[in-house]
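Some notes on the structure that comes next.
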Protein chains: 2
Amino acid sequence: MSDTVSDIIRDKFNFLTRAERKLANVLLDNYPVSGMTSITRLAELAEVSTPSVVRMAQKLGFTGFPDLQNALRDELEATISNPIAKHDRWSQQAPDTHILNRFADAVIDNLRQSLDQLPPEDFDRVSALLADRKRAVYIVGGRITHALADYLFTHLQVLRENITLLPANSNIWPHHVLNMKPGDLLVIFDIRRYERDLINLADMVKEQDVEIILFTDQWGSPVGKAASHRFNIKIEAPSAWDSSVVTLFMLEALTAAVETRIWGVTKSRMKQLEALFDRKKLFR
Amino acid sequence: MSDTVSDIIRDKFNFLTRAERKLANVLLDNYPVSGMTSITRLAELAEVSTPSVVRMAQKLGFTGFPDLQNALRDELEATISNPIAKHDRWSQQAPDTHILNRFADAVIDNLRQSLDQLPPEDFDRVSALLADRKRAVYIVGGRITHALADYLFTHLQVLRENITLLPANSNIWPHHVLNMKPGDLLVIFDIRRYERDLINLADMVKEQDVEIILFTDQWGSPVGKAASHRFNIKIEAPSAWDSSVVTLFMLEALTAAVETRIWGVTKSRMKQLEALFDRKKLFR
DNA sequence: AGGACTCTGAAACAATAATTTCAAAAATTG
DNA sequence: CAATTTTTGAAATTATTGTTTCAGAGTCCT
């Protein structure tokens with residue numbers, strides 16, 4: 001028998017144009033109810049014109065919009081009359097024992113618990129510190145978390161000046177410590193299999209009145225003693241490794257918070273950056 | 001909110017006329033989908049005239065048939081919609097307008113939609129490819145996604161041999177391309193502000209029969225044309241940047257899947273790695 | 001940078017849906 | 001059983017939806 005409308009959309013998604021993709025997203029978003037309005041309202045919802053809706057319907061193999069809508073209604077009828085609770089699964093096509101669904105469950109649980117444990121004032125205080133442009137910011141990660149440090153660095157660097165990513169090789173760290181001034185910030189990532197080098201570094205900079213912001217797991221790295229701000233993140237996953245998803249979530253949320261605090265600066269920096277990229281393009 | 005349409009109908013059933021009762025029965029029969037057609041077809045279905053439908057809608061307290069139909073659609077939406085999407089607050093202590101809660105909503109929505117669009121067979125096929133130790137794996141990212149590439153590299157490298165992370169500098173890429181054999185895998189990260197270098201690279205390796213696995217956003221990088229496997233990930237966030245959280249989720253889930261496929265190999269590699277770390281400790 | 005191509009939405013048009021009118025059919029009543 | 005009231009649907013009318021056309025915007029390619 002034939003595919004569902006959502007199957008068809010996904011199938012042909014890559015052949016759809018920009019306006020059609022907007023539409024596809026709206027249709028799939030609250031599927032299939034979002035397709036049950038008039039063509040006019042659907043077009044408005046997707047911010048495209050009604051002709052685009054018609055064209056898309058035809059591209060998907062229907063004679064017109066009403067035809068597509070009928071197909072949706074028929075599917076809906078079949079779904080509704082079938083009492084299986086489809087929505088307790090993340091990926092509806094996969095069994096709930098599939099790794100995708102198990103992982104999603106774990107991550108959501110991690111997120112919920114991590115947020116529950118985090119007083120928003122702490123979060124706000126850290127975002128305020130990072131937004132204070134008088135303080136230089138240093139970032140350092142461990143073996144696994146280095147990628148996270150890198151990610152934070154790349155983003156903060158656009159937001160404001162004076163951001164430094166310490167290299168993976170701990171031999172060079174003292175050179176950077178030399179530069180740090182009182183009031184500067186050191187963001188440390190240290191997640192289980194805590195690394196001795198990081199503790200040494202933390203102790204060292206603490207003596208220079210550098211404030212430490214620590215990202216660690218629910219058990220807490222020993223660096224915590226030296227840190228003035230700490231994010232304890234739940235990192236459990238159905239895998240031999242820990243999950244960094246929630247940590248990344250925190251980094252992005254933090255970046256967004258800093259961004260709104262110093263939007264004026266950030267905006268002009270982003271513009272400059274765009275200009276520089278454009279010039280680089282011209283060179284080749 | 002007040003009563004549902006079906007409540008109202010049952011309430012007033014005794015005051016309905018003969019034609020109206022026919023209608024009521026049709027509406028309640030396949031509730032609420034049967035009410036989602038045009039007034040004409042509904043009238044035909046109930047074997048009454050269209051004016052009867054209008055009169056009934058007004059008798060039930062609606063301004064007309066479209067008004068009733070909207071009410072039905074709203075109910076349907078509330079029933080169908082995913083309970084997880086309705087999570088009111090993530091961080092209980094913060095107001096739901098706090099960036100943490102807004103970000104959490106966005107990320108969950110991204111996750112749900114990305115999973116919805118991903119056929120699990122595709123996922124399984126990719127994990128099987130990555131678990132095939134005869135194939136060398138190359139990984140490359142762009143400006144922002146480099147950290148993700150790095151993260152995947154760090155993890156895969158423990159799982160199996162023959163993993164290479166291409167450097168950020170695209171000048172050196174040809175040297176690596178030289179090494180690639182037919183059947184090898186190239187994992188490409190390319191998220192909006194698609195990078196021309198990556199397209200060139202993709203075209204180049206495609207000619208050598210290297211299979212490309214692409215991680216991109218919901219709009220789809222132009223690399224997609226050359227890719228044999230593609231993950232379209234929704235990346236919207238309440239920020240000037242896109243969110244990489246769901247992409248990282250996919251990487252971790254994929255890593256976990258590969259890990260279970262070749263657990264024998266991975267286990268012994270992890271043991272060896274532990275031993276090496278221990279010896280390194282002894283050196284200092 | 002310019003030409004060929006594709007994509008898009010405003011506007012005109014066609015089709016259909018929804019409402020109103022009204023006369024006839026059914027039900028109710030004395 | 002006729003007079004009255006209520007209910008009903010055919011037909012006319014109005015409102016809205018859905019489709020087509022077409023010119024200009026945008027993109028791609030050399």
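Just the heavy atoms: all of them, side chains too, but no hydrogens, waters or symmetry mates, feed the values below. Below, read A as the first sequence line, B as the second, and so on, with proteins coming before strands; counting in each chain starts at 1. Only a predicted model underlies this, so the values are computations on that prediction, with no experimental measurement involved.
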From C-beta outward on [X], which listed nucleotide comes closest to its side chain: [options]?
X       : options                : answer
A:Arg41 : C:dA18, D:dG18, D:dT17 : D:dT17
B:Ala19 : C:dT19, D:dT19, D:dG9  : D:dG9
B:Thr40 : D:dT8, C:dC7, C:dA17   : C:dA17
A:Val54 : D:dT19, C:dG9, D:dG9   : D:dT19

Inset, instruction - Return the value, rounded to whole Å, for the distance between atom CZ of A:Phe65 and atom C1' of C:dA14. - result: 17 Å

Legend entry - Interatomic distance where CD belongs to A:Gln58 and C1' belongs to C:dT8 [whole Å]: 15 Å

Decide yes or no for [X] and [Y]: does some side-chain heavy atom of the first lie under 4.5 Å from some side-chain heavy atom of the second?
X       : Y       : value
B:Val5  : B:Tyr31 : yes
A:Ile9  : A:Leu27 : yes
B:Thr17 : B:Lys59 : yes

Inset, instruction - Classify the nucleic acid contact of B:Thr50 as base, sugar-phosphate or nothing, counting any heavy atom under 4.0 Å across all strands shown. - result: base

Inset, instruction - Could you check whether A:Arg55 gets within reach of a base, just the sugar-phosphate, or nothing at all, counting any heavy atom under 4.0 Å? - result: base

Legend entry - Which residue lies more 5' along DNA chain D, comparing B:Lys225 with B:Glu47 via nearest heavy atoms: B:Glu47

Inset, instruction - Let me know, please, whether A:Ile39 or A:Arg18 comes out on the 5' side of the other along DNA chain D by nearest nucleotide. - result: A:Ile39

Legend entry - Phosphate contact (C:dC7 OP1 or OP2) by A:Thr17 side-chain N/O below 4.0 Å: no

Legend entry - Side-chain N or O of A:Ser38 closer than 4.0 Å to phosphate OP1/OP2 of D:dT16: no

Legend entry - B:Arg192/B:Asp242 ion pair, N-O < 4.0 Å: yes

